[in-house]
Amino acid sequence: MSTILTDNYNRFHDYLRISLTDNCNLRCFYCMPEESYEFTPASRLMQADELFSIAKLFVDLGVKKIRLTGGEPLVRKDAGAIIRQLATLPVELTLTTNGTRIAQFLPLLKESGVKSLNISLDTLKPERFSVITRRDQFQVVYDSIHQLMEQNFHVKVNVVVMKGMNEDELLDFVVWTKSSPVHVRFIEFMPFSGNRWTSNKVLTWQEILEIVGNEYPIVPIAGAAHDTAKKYHIPGHAGSFAIISTMSNNFCSTCNRIRLTADGKLKNCLFSSSETDLLTPFRKGMDIKPLIEKNIRSKKKELGGQFTQDFEKIEATELTNRSMITIGG
Ligand code: SAM
Ligand code: SF4
């Protein structure tokens with residue numbers, strides 16, 4: 001096995017997240033920058049054949065799992081063709097999507113062997129959904145989640161928890177897991193360029209556990225080696241819930257994730273301040289393996305080297321990063 005994907009802390013990166021586009025049909029305020037935002041023109045994005053070749057190279061180097069994300073991956077015109085192509089690689093293929101286009105893509109997802117999807121839904125209240133996403137699509141997303149579960153997909157629902165916005169709905173999400181086999185993941189609110197993050201909007205892992213624990217008996221579920229989520233079960237519930245505690249209790253020491261942005265830049269951490277352009281040299285016919293190796297070796301020990309677990313001290317405006325929509329969460 002090649003060591004190109006192993007960093008200086010002996011972390012082997014076998015999980016590649018590929019952003020298909022920085023375009024989206026929703027406008028979640030915590031993801032899109034506040035200022036007016038120009039989507040990257042299609043010509044500057046990896047074209048389908050380029051994306052496949054670069055993905056295949058990573059698979060040859062040891063990648064075992066590929067997640068497509070964005071922006072919204074399913075708004076890209078050739079998303080279907082890309083999914084079909086990637087499905088030919090020997091990897092677990094999965095997606096993170098806002099769930100608005102699932103109905104059109106269901107047959108293709110099945111054919112392509114996708115078994116599990118992450119769908120983002122931060123509220124169970126339609127009016128609040130419109131405030132958070134600035135679009136009126138709650139019912140479409142909610143129905144899509146149920147449609148996927150009926151078709152036996154493993155569905156994880158990503159909920160970004162923000163104080164003053166949706167922390168009053170934690171128990172409603174937990175109630176949902178009683179009758180439905182839905183796996184809710186509460187995500188601590190993270191700072192990105194232009195997303196109005198302040199530390200007092202973060203509801204921490206411990207605070208979330210306390211709110212749920214006051215109402216329900218909680219049983220921790222043993223995690224797998226590279227899990228980012230701390231998982232819990234409530235006896236008698238068909239589904240489960242989990243907490244992604246990036247801000248209060250990070251999981252950097254076992255990280256196995258790397259990211260390829262839609263414009264072909266390799267990012268070794270969600271919070272890395274730098275990135276490596278792979279697409280330009282790839283288009284020139286150069287061998288990009290040495291660039292990949294250098295990028296992975298430069299991965300910082302935790303949180304992109306930009307902040308520490310003491311998140312109350314973070315000044316979001318001082319972080320050097322892209323906005324979440326251009327990284328691919
Ligand atoms: N459009 C797709 C979606 O919404 O699922 C995929 C891209 S989105 C950037 C990927 C994930 O990042 C979503 O679950 C979203 O909720 C999460 N996310 C975006 N901004 C975030 C933030 N500031 N803090 C925590 N999670 C965030
Ligand atoms: Fe779009 Fe997903 Fe970002 Fe919302 S979180 S704006 S759906 S990319």
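Atoms within each ligand, like the ligands themselves, are counted from 1 in listed order. Nothing here was measured: the structure is a model prediction, and the numbers come from that model.
Using a 4.0 Å heavy-atom cutoff, G71 is listed among the residues neighbouring ligand 1. Residue contact check for ligand 1: I187 places a non-hydrogen atom closer than 4.0 Å to it. Put simply, part of G71 is less than 4.0 Å from ligand 2, judged by heavy atoms. Using a 4.0 Å heavy-atom cutoff, G70 is listed among the residues neighbouring ligand 1.
A salt bridge links D168 to R128: one of the charged nitrogens lies within less than 4.0 Å of a carboxylate oxygen. Here K163 pairs with E207 in a salt bridge; the nearest charged N to carboxylate O distance falls below 4.0 Å. The existence of a salt bridge linking E111 and R84 is confirmed by a sub-4.0 Å separation between a basic side-chain nitrogen and an acidic carboxylate oxygen. Look at K64 and E92 and you find no salt bridge, because none of the NZ, NE, NH1 or NH2 atoms lies under 4.0 Å from a carboxylate O.
Taking every non-hydrogen atom of N195 and a distance limit under 4.0 Å, the qualifying atoms of ligand 1 come out as 23 (N). Those atoms of ligand 1 that come under 4.0 Å of a heavy atom in T97, given as number and element, are 2 (C), 3 (C), 5 (O). Atoms of ligand 2 found under 4.0 Å from any heavy atom of L26, numbered from 1 in the order shown, are 6 (S), 7 (S). Below 4.0 Å from some heavy atom of T69 lie the following atoms of ligand 1, by number and element: 6 (C), 7 (C). Interface of N158 with ligand 1, defined as ligand atoms under 4.0 Å from a residue heavy atom, comprises 14 (O).
In terms of protein heavy-atom proximity, atom 6 (S) of ligand 2 is closest to C28 N, 3.2 Å. Counting only heavy atoms of the protein, atom 20 (N) of ligand 1 lies nearest to Y30 CD1, 3.2 Å. With respect to atom 13 (C) of ligand 1, the closest heavy atom belonging to the protein is S120 OG, 3.1 Å. In this structure, the protein non-hydrogen atom closest to atom 26 (N) of ligand 1 is V160 CG2, 3.4 Å. In terms of protein heavy atoms, atom 12 (O) of ligand 1 is closest to M324 CE, 3.4 Å. The single protein non-hydrogen atom nearest to atom 1 (Fe) of ligand 2 is C24 SG, 2.3 Å, given as residue, atom name and distance. Nearest to atom 23 (N) of ligand 1 among the protein's heavy atoms is M190 O, 2.9 Å.
By the criterion of a heavy-atom distance under 4.0 Å, the side chain of F192, and not its backbone, is placed next to ligand 1.
Judged purely by distance below 3.5 Å, without hydrogens or angles, the side chains of N98 and S120 never pair a donor atom with an acceptor atom.
Ring geometry, F29 versus F189: the interplanar angle exceeds 60°, so the pair is classed perpendicular (tilted spans 30 to 60°). F186 and F241 have tilted rings, their planes meeting at an angle from 30° to 60° on a 0 to 90° scale. The aromatic rings of W176 and H146 sit tilted, their planes meeting at an angle between 30° and 60°.
Note on C31: counted as a metal contact of atom 3 (Fe) of ligand 2, an N/O/S atom lying under 2.8 Å.
S53 is listed as a side-chain neighbour of F282, based on a closest heavy-atom distance under 4.5 Å. With a 4.5 Å cut-off on side-chain heavy atoms, T276 and K294 do not count as touching. With contacts defined as side-chain heavy-atom distances shorter than 4.5 Å, the pair L89/F52 qualifies.
For D122, no nitrogen or oxygen atom sits less than 3.5 Å from a nitrogen or oxygen atom of ligand 1, counting backbone and side chain alike.
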Given K201 and Y30, is the side-chain contact (heavy atoms from CB on, under 4.5 Å) satisfied, shown in steps? CA-CA 11 Å; K201 291 185 193 152; Y30 54 75; over 6 Å; no

